[in-house]
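So the structure is just underneath, and the comments pick up after that.
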Amino acid sequence: MTLSAASLETLPSLLRTWTVAEYYQMAKTGILQPDEKVELVAGQIIRNMAPQGSHHAAAITRTNRLFNQSLPPSLLIRSQLPIHLDNHSEPEPDVALVKSDRLDYDDRHPRADEVHLIIEISEATLRADLTLKKQVYAQANIADYWVLDLTKRQLYVYRQPTNEGYQQEKILSEQEMIAPLAFPSLQFRVGDMLRPLT
């Protein structure tokens, strides 16, 4: 039986969770193939079934460009690379702003306390990004979590994390301005991350 990311929350007692060490051992022994697009979230190995479309890829490119234009030296932008949240979660968010590292994290992945902002670009994954991932990021104390909804052309912004979830939630239209919580000078319009309408 194949479980979607959204359905994982409803069956917690039936699931065996995995650790990060076990996850890497599965890759090392060939249980997980090198070309499989998977990530470990809350102890569950989530397979991103849909291939990445050009709409999704272009949104990542636009978002990276917006940040790279005025990125201070203390920040590093990472795209679809692992973030080590805890012993059971190592997601690969579409965009993450993290503290700079002298080795560019050659010896390890960034930890939750080194993350300033996580952005997920969503079409097919919207439900999981707004439920399972949102909860995991809040519990890891990620202070700033955004979900860009490509279909409705809006941005979900989550701040003030607790173990129970984010205390501040808002939805911004494409005309509204946004900036990372930790870097308010990096301000741009939500629509700048989206495909132009004309």
Side-chain angles (χ1 to χ4, degrees), residues 5 8 15-49 52 56-57 59-61 63-122 125 128-148 157-163 165-166 179-183 186:
L8 292 175
L15 299 173
R16 190 258 201 231
T17 60
W18 304 96
T19 66
V20 170
E22 291 169 330
Y23 176 63
Y24 278 101
Q25 188 62 30
M26 283 185 237
K28 184 177 179 181
T29 59
I31 295 171
L32 297 175
Q33 298 301 310
D35 60 346
E36 279 189 275
K37 181 62 178 160
V38 294
E39 57 187 339
L40 185 68
V41 180
Q44 304 305 312
I45 298 171
I46 308 297
R47 178 180 286 126
N48 296 323
M49 307 272 267
Q52 187 179 119
H56 184 276
I60 294 173
T61 300
T63 303
N64 283 341
R65 184 183 301 124
L66 287 168
F67 286 114
N68 280 324
Q69 287 173 353
S70 53
L71 206 64
S74 60
L75 274 184
L76 179 66
I77 190 164
R78 291 169 56 97
S79 291
Q80 298 182 324
L81 296 172
I83 301 292
H84 184 83
L85 299 182
D86 58 35
N87 197 37
H88 289 91
S89 290
E90 203 166 89
E92 298 182 15
D94 289 312
V95 178
L97 288 182
V98 301
K99 292 180 181 177
S100 287
D101 178 76
R102 186 176 59 84
L103 298 175
D104 293 321
Y105 297 101
D106 186 78
D107 56 341
R108 63 182 176 83
H109 296 307
R111 299 181 308 266
D113 63 351
E114 295 169 309
V115 175
H116 293 292
L117 169 67
I118 284 179
I119 305 173
E120 295 288 3
I121 310 293
S122 295
T125 61
D129 292 339
L130 296 179
T131 55
L132 179 64
K133 283 193 177 179
K134 181 178 78 170
Q135 185 62 31
V136 168
Y137 289 142
Q139 289 174 341
N141 204 34
I142 300 299
D144 210 1
Y145 173 47
W146 302 355
V147 178
L148 183 64
V157 178
Y158 298 100
R159 291 171 172 167
Q160 298 176 5
T162 69
N163 274 340
Y166 284 98
L181 194 60
F183 297 91
L186 294 177

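- Checked by atom type, the side-chain pair Gln80/Asp94 shows a donor-acceptor distance below 3.5 Å.
- In this structure, CG on Asp107 lies 8.5 Å from CZ on Arg102, to the nearest 0.5 angstrom.
- Applying the side-chain hydrogen bond (donor to acceptor under 3.5 Å, both in side chains) test between His84 and each of Glu90, Arg111, His109 identifies Glu90 as the sole match.
- In this structure, the separation between CD1 on Ile121 and CD1 on Ile60 is 6.0 Å, given to the nearest 0.5 Å.
- Atom CD1 in Ile142 sits 15.0 Å away from atom NZ in Lys134 (nearest 0.5 Å).
- Interatomic distance, Asp86 CG to Gln139 CD, rounded to the nearest 0.5 Å: 8.5 Å.
- Looking at residues two or more places apart in sequence or on another chain, you find no side-chain contact (heavy atoms from CB on, under 4.5 Å) involving Pro73.
- Atom OG1 of residue Thr61 and atom CG of residue Leu66 lie 11.0 Å apart, to the nearest 0.5 angstrom.
- For the pair Pro110 and Asp101, the minimum side-chain heavy-atom distance is 4.5 Å or more.
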* Just do the side chain to side chain contact (heavy atoms under 4.5 Å, CB included) check on Asp113 and Asn141 with the steps written out, would you? => CA-CA 8 Å; Asp113 63 351; Asn141 204 34; over 6 Å; no
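- Pairing each heavy atom of Arg159 with each of Ala179, the nearest pair is NH2-O, 2.8 Å.
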* Stepwise, does the side chain to side chain contact (heavy atoms under 4.5 Å, CB included) test hold for Asp129 with Tyr137? -> CA-CA 10 Å; Asp129 292 339; Tyr137 289 142; over 6 Å; no
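- To the nearest 0.5 Å, the span separating CD on Gln160 from CG on Asp144 amounts to 11.0 Å.
- Taking the six-membered ring where the residue is Trp, His116 and Phe183 present perpendicular rings, their angle passing 60° and hence far from 30°.
- A side-chain donor-acceptor contact under 3.5 Å links Ser100 to the backbone of Leu75.
- The two residues Tyr105 and Lys99 make their nearest non-hydrogen contact at OH-O, 2.6 Å.
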